[in-house]
Amino acid sequence: MVPKKRQSKRVRMAHRYRIAGRIKDHQRKERRGEKKNLKGNRKSKKDPGIPNNWPFKEELLNEVERQRQEAEEEKKKKKALNKKKKTTPKKTLVEEEITENDLEKSEE
């Protein structure tokens, strides 16, 4: 038995370009599909709320309202703190050393 010759890997350029085009089209479709899925997931689910016959509904509503107000106050505090940080001028290292030295001398 004589071993068979290996088949050449030569391909017509038209065939190679056709394959490349199909790959490109497939990838484009995949990207479009991902975008469509992202658009559908952006919509948040609506909160069903608390049923009327729920025991201690008033207490639960008050607790939720209190938590919401606390979160809002925290947000305001952080905003004020960030605003204060932005408005205060930053001291350079040299200025900080000078002020520290002055404090040490005044304490003695």
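Side chains are part of it too, since the values below use all heavy atoms of this structure and drop only hydrogens, waters and symmetry mates. All residue numbers in this chain count up from 1 along the given sequence.
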Can you find a pair of side-chain heavy atoms, one from Lys83 and one from Lys86, that are under 4.5 Å apart?
-> no

Can you tell me which residue pairs pass the side chain to side chain donor-acceptor pair (under 3.5 Å) test with a partner in residues 19-31, sequence neighbours excluded?
-> Asp25-Arg28

Just do the side-chain contact (heavy atoms from CB on, under 4.5 Å) check on Arg32 and Lys35 with the steps written out, would you?
-> CA-CA 5 Å; Arg32 281 186 191 159; Lys35 287 180 186 177; 5.7 Å; no

Distance from Glu73 atom CD to Lys76 atom NZ, nearest 0.5 Å?
-> 7.5 Å

In short, salt bridge (charged side-chain N to carboxylate O under 4.0 Å, His left out) pairs touching residues 1-13 with sequence neighbours left out are none

Working to the nearest 0.5 Å, report the span between CG of Leu81 and CD of Glu74.
-> 10.5 Å

Residues clustering with Ile23 (ILVMFWY side chains joined when closer than 4.5 Å, directly or via others) | Ile19

Exercise answer: donor-acceptor pairs, residues 54-69 side-chain atoms, under 3.5 Å, sequence neighbours excluded:
residue	atom	partner	partner atom	Å
Lys57	NZ	Asn52	OD1	2.8
Asn62	ND2	Glu58	O	3.2
Glu63	OE1	Arg66	NH2	3.1
Glu63	OE2	Arg66	NH2	2.4
Glu63	OE2	Gln67	NE2	3.4
Glu65	OE1	Arg68	NH2	3.3
Glu65	OE2	Arg68	NH2	2.4
Glu65	OE2	Gln69	NE2	3.4
Arg66	NH1	Glu70	OE2	2.5

